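Report on one structure; see the data block that follows.
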Protein chains: 2
Amino acid sequence: MRNQPQKKQHHHGNLREALITAGVGLLNEGGLSALTLRKCAARAGVSHAAPAYHFKGLNGLLTAIAARGYQALAETMIEEREAAATDPHACLVAICNGYLRFAQENEALFDLMFSAKELCYDDPELQRESALARQVLHEGCAPFKHGSAGNEGTEIMIWALVHGFAGILRKRRVRPDHHPANNIRFEDILPHLECV
Amino acid sequence: MRNQPQKKQHHHGNLREALITAGVGLLNEGGLSALTLRKCAARAGVSHAAPAYHFKGLNGLLTAIAARGYQALAETMIEEREAAATDPHACLVAICNGYLRFAQENEALFDLMFSAKELCYDDPELQRESALARQVLHEGCAPFKHGSAGNEGTEIMIWALVHGFAGILRKRRVRPDHHPANNIRFEDILPHLECV
DNA sequence: CAATAAACTTGACGATGTCAAGATAGGCGT
DNA sequence: ACGCCTATCTTGACATCGTCAAGTTTATTG
């Protein structure tokens, strides 16, 4: 067993990371259907069955890549928040725009994270990263309350709104013209929120 | 070529419909990954390559089933609307609850309709049925306008909200306890809408 | 009744996920 | 220094899948 996790070892040396990188690359280039255990293996220069050792199977690899996706999603949201003004409303809008930017810049990865593919939802890494991403949204929502709903309802409302809007924008790629959400920014559909 | 589209003919007689029915059944029983050309063929009692003749391939079958899904979605929304009070706000809430009920009662079908699977989006049947479903939502939104957004923005907002909420509720199946949206109804997150 | 086209069947191919068994190399105790 | 042990891959096989080409059967039509 390796003592130093980043130490180069045996045949490949840190193959797990190389397989995830290969997977993200395949995802960006060919979409969700191009993400394959065997193609990942080929891209990393190992045999076709090597990934099954590091991940519990295809679902394991997908889960690891999805966890990476949640990490990147959180980073994008934080990045937008830092670049925004400091008042709570601008922060929340910035966080949501980060969410939307991530969804559009990493379409296949976003698909993987929220697709019907059965990931290993009990994977601790996936749970940690997705919880971290949700934490960013949670913090952004904290200063607000929303009409009829309690404080928790506000977060659900924002979450549903931004996630649903991301899904709508995703379909714009198919038929870019005459798309109903063409000239609509997130700020336009964000309802009024009262400070708590 | 058949003259009467519903006439019994040749070997099976109206195999196209039987394949769609078989596909919906597989979807309900085993989820999206169980929906397979060969299994549909077996369930309909024909050879493994028969579906490729009626549909342009797997995508064609998925598209036909998704179109059926939009049809059922519209029916569910209309059903809820009819059972509701007649004032516009109750109608809109009922329509959205129909959307959510459909998403929860037909999980795999909903997955197919909004998954990353590449459907034949130019298929006229799919376009017609999805447009009809959107029309129901459109009518429900028509009496309202939403704060900053125009009349079109209202519809996008409701659409995003209900679709996003459906996605959140979908994940509740994975870990039913401690789910943030457990005791939240759609009415709780629906923002205030002004009559136009 | 024969020709023609529609509606399948049969067989094959390559790609994929998964598993079992084997090979290999690096580290550790002695 | 030497041999073992285990983590890390490789090799080979299998079942399933979508797709295509070619053949077969049935219905319609002239």
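Reminder, nothing fancy here: chain letters follow the sequence lines and each chain counts from 1. What you are looking at is a predicted structure, and each value in this text was computed from that prediction instead of being measured.
Within 4.0 Å of A:K39, counting heavy atoms only, lie sugar-phosphate atoms of the nucleic acid but no base atom. At a threshold of 4.0 angstrom between heavy atoms, the contacts of B:A52 with the nucleic acid are absent.
Distance from the side chain of B:T36 is smallest for D:dG18 among the nucleotides D:dT10, C:dT9, D:dG18. The side chain of A:A49 has D:dT11 as its nearest neighbour among D:dT19, C:dT9, D:dT11.
Per the geometry, CZ belonging to A:R38 stands 13 Å off P belonging to D:dT11, to the nearest Å. B:E17 places its CD atom 17 Å from the C1' atom of C:dA7, with the value rounded to the nearest Å. In this entry the distance linking CG of A:L15 with P of C:dA25 reads 16 Å, nearest Å. Atom P of nucleotide D:dA15 and atom CG of B:L37 are separated by 21 Å, given to the nearest angstrom. When rounded to the nearest whole Å, the span between NZ of B:K56 and P of D:dC20 equals 12 Å. Rounded to an integer number of Å, the gap from B:L26 CG to D:dT16 P is 15 Å. Separating the CG atom of A:L35 from the P atom of C:dT16 is a distance of 11 Å, rounded to the nearest angstrom. Across the protein-nucleic acid pair, B:F55 atom CZ and C:dC8 atom P stand 11 Å apart, rounded to whole Å.
A:T63 places a side-chain N or O within donor-acceptor distance of the main-chain N or O of A:C120, the cut-off being under 3.5 Å. Of the possible polar contacts, none joining the B:T76 side chain to the B:F102 backbone as a donor-acceptor pair under 3.5 Å is found.
A:E29 has no carboxylate O lying under 4.0 Å from a charged side-chain N of A:K39, or vice versa, which leaves the two without a salt bridge.
Crowding of A:K56 atom NZ: a count of heavy atoms from other residues, nucleotides or ligands under 6.0 Å not exceeding 12. Around atom CD of B:Q135, more than 12 heavy atoms belonging to other residues, nucleotides or ligands sit under 6.0 Å away.
At D:dT16, none of the side-chain N or O atoms of B:H48 fall inside 4.0 Å of OP1 or OP2 (strictly under the cut-off). The side chain of B:Y53 contributes no N or O atom lying less than 4.0 Å from OP1 or OP2 of C:dC8.
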